[in-house]
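Here is the structure we will look at.
Order of the sequence lines fixes the chain letters, A, B, ..., with proteins taken first and strands second; residue numbering starts at 1 for each chain.
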Amino acid sequence: MKADRPGEPVISLRGVTAELGSRPVLRGIDLTVHHGEVVALLGANGSGKSTAVRTVIGQVPVTRGEIELFGTPRRRFGDWGRVGYVPQRTTAAGGVPATVTEVVSSGRLSRTRFGFLRQADREAVHQALELVGMADHAKHSVDALSGGQHQRVLIARALASQPDLLIMDEPMAGVDHASQEMLAETLRQQVGKGASVLLVLHELGPLEPLINRAVVLRDGCVAHDGPPPPAVGQHALPGHDHVHPHAAHGAEPVRTGLLS
Amino acid sequence: MDILDYAFMQRALLAAVLVGITAPAVGIYLVQRRQALMGDGIGHVAMTGVGLGFLLSWSPVWMATLVSVVGAVLMEFIRWYGRTRGDIALAMLFYGGMAGGVMFINLAPGGSNANLTSYLFGSLSTVSESDVTAICLLAAFVVLVTLGLRRQLFAVSQDEEFARVTGLPVRALNLLTAVTAAVTVTVAMRVVGLLLVSALMVVPVAAAQQLSRSFAATFAIAVAIGVSVTIGGTATSYYQDVPPGATIVLLTIGAFIALTALAMPLNRRRARAMAQSAGDPAECPIPATRDASGKVGV
């Protein structure tokens, strides 16, 4: 891990605007994640939180403003091995069968030359699988996994490059409570090792104690930037839209994390 | 083996084997990206190339390669920019390609739709020396890309958004996949014909999936199926008077059906083994209110 001094920004967005189609989704947001910080990006559906994250990785083009990663303008940033990304997905599967190891090995490509995996790379992949408790499933097809296991594979893929910065888009969506606790523990270990984290979340849940700062978006603007919203009720967040993707499982009680 | 005594059969078998390797090798990435019908689209566009080749008296194989590469790149651009009505734009490209082929070949001096038939349905026995040279060169390119860049292409085809964050040149790799698919279509054109090319790209992969759990195994099995059916189809057409292209495609579909039937008990056993290793009993415990004979006590 390179020596970033604590407090230096690892992600910095200044006055960023972005459009999807011709609809403005971000209308000039400022967002900074400092070294060692865990920042939650909150907001209702359609507030622009996923789009904000996708401008950081270059998936959505920016119409105005500046983005820096580790102090380098994003256009010139090339050290992608330092960034681990968990996209918003419900499945890790593609159109062809693939094993858990094959999928997680993709995450190691940023640390290899010409995609050639050496012994150290295979060990890193195995280690990432152990971190999320999926080492037993290494040779299984991802098609045979449950929703929570899919999410663990996606997180292991992000951890395979041993990143200094984790960017996660709704990693808890569709994940049962046991897996959520597991993921919270994995994240705690990463933060303990000095990683910085930017999380898009719909609700704080079991991650609440880890989060240093919350940024709340509303209609493409920053509505709150500071300590996580106080637990005064489910409607503490402006425009909070109460949808629970895991409610369909029925077995678990609905936990918003905002009341507990 | 009297089949190998004839030079035209040697050429035919060589071309068939190369198609058996390359078509599934590219097709697996198209299936992984859920663009299984892209090969079909490129096949339609390639018809314009064949027509232009006749009109300008150039090699139809090289002209078809050129035009289908341009068509494939165009399709990739439509995928990037035409989010809303991309399917309509693709449909127009397909039909435009087909109509263009028919138009150009009829404009060519002495040309008629009859010239087109050998490209539409394949004409393995008329594969010439220069065709074989072209097919060998193109096949070498396809194998180099699909094997040499397998990890990169796997990552991009599995999850494009994630691949971007590993620093891979996602757009360049997408374009390379499109170009490689276009090249494969023209390699396969003489063997199975433009209208049946897509079958050899997709069906062996679908058949392999019935047995495999990993990408590597799917790749290997699909290529093995591809080579078996192209050799089998070519040999069958030599001994029985049947068209090789259609024979190859029907054999491939036969392989798919056979492997699907074979895989059913295999998958059931696998699922049971997995459940046992996880410690789950095969059946739910019988509730106290019901005895083993199924009688429900009240």
Task: Other residues, nucleotides, ligands: >12 heavy atoms within 6.0 Å of A:Arg64 CZ - done: no
TODO: Below 4.5 Å from any heavy atom of chain A, which atoms of B:Ser212 appear? Answer side chain, backbone, both or neither.
DONE: both
Task: For A:Val86 against A:Leu154, the heavy-atom pair lying closest together - done: CG2-O, 4.0 Å
TODO: Tell me the residues of residues 23-32 of chain B whose non-hydrogen atoms fall below 4.5 Å from those of chain A, in number order.
DONE: B:Ile28, B:Val31, B:Gln32
- [ ] Please assess A:Gln162 against A:Arg108 for the test side-chain hydrogen bond (donor to acceptor under 3.5 Å, both in side chains), listing each intermediate value before the final yes or no.
- [x] CA-CA 9 Å; A:Gln162 294 156 329; A:Arg108 193 65 194 172; 3.3 Å; yes
TODO: With chain A as the partner chain, list the residues of residues 148-164 of chain B whose heavy atoms fall under 4.5 Å from it, by residue number, and write 'none' if nothing qualifies.
DONE: B:Arg151, B:Gln152, B:Phe154, B:Ala155, B:Gln158, B:Asp159, B:Glu161, B:Phe162, B:Arg164
Open item on the list: Among B:Thr180, B:Val183, B:Leu173, which residue satisfies the side chain to side chain contact (heavy atoms under 4.5 Å, CB included) criterion with B:Val145?
Closed with: B:Thr180
Task: Residues, nucleotides or ligands: over 12 heavy atoms within 6.0 Å of A:Arg118 CZ - done: no
TODO: Measure A:Arg111 against the heavy atoms of chain B and call it side chain, backbone, both or neither at under 4.5 Å.
DONE: neither
- [ ] State the CG-CE distance between B:Leu195 and B:Met189, to the nearest 0.5 angstrom.
- [x] 12.0 Å
Task: Interface moiety of A:Arg89 toward chain B, non-hydrogen atoms closer than 4.5 Å - done: side chain
Open item on the list: Under a plain distance cut-off of 3.5 Å, with no hydrogens placed, do A:Thr112 and A:Asp121 share a side-chain donor-acceptor pair?
Closed with: no
Task: chain A contacts, top residue of B:Ser214, B:Ala217, B:Ala208 (heavy-atom pairs, under 4.5 Å) - done: B:Ser214
Open item on the list: Quiz question: by atom type and distance under 3.5 Å, do the side chains of B:Thr184 and B:Thr22 form a donor-acceptor pair?
Closed with: no
Open item on the list: Distance alone, cut at 3.5 Å: any donor-acceptor contact between the side chains of A:Gln180 and A:His177?
Closed with: no
- [ ] Check the pair A:Val83, B:Thr166 against side chain to side chain contact (heavy atoms under 4.5 Å, CB included), reporting the backbone distance first and the verdict last.
- [x] CA-CA 8 Å; A:Val83 183; B:Thr166 61; over 6 Å; no
Task: Value rounded to 0.5 Å, distance of NZ in A:Lys139 from CZ in B:Arg213 - done: 10.0 Å
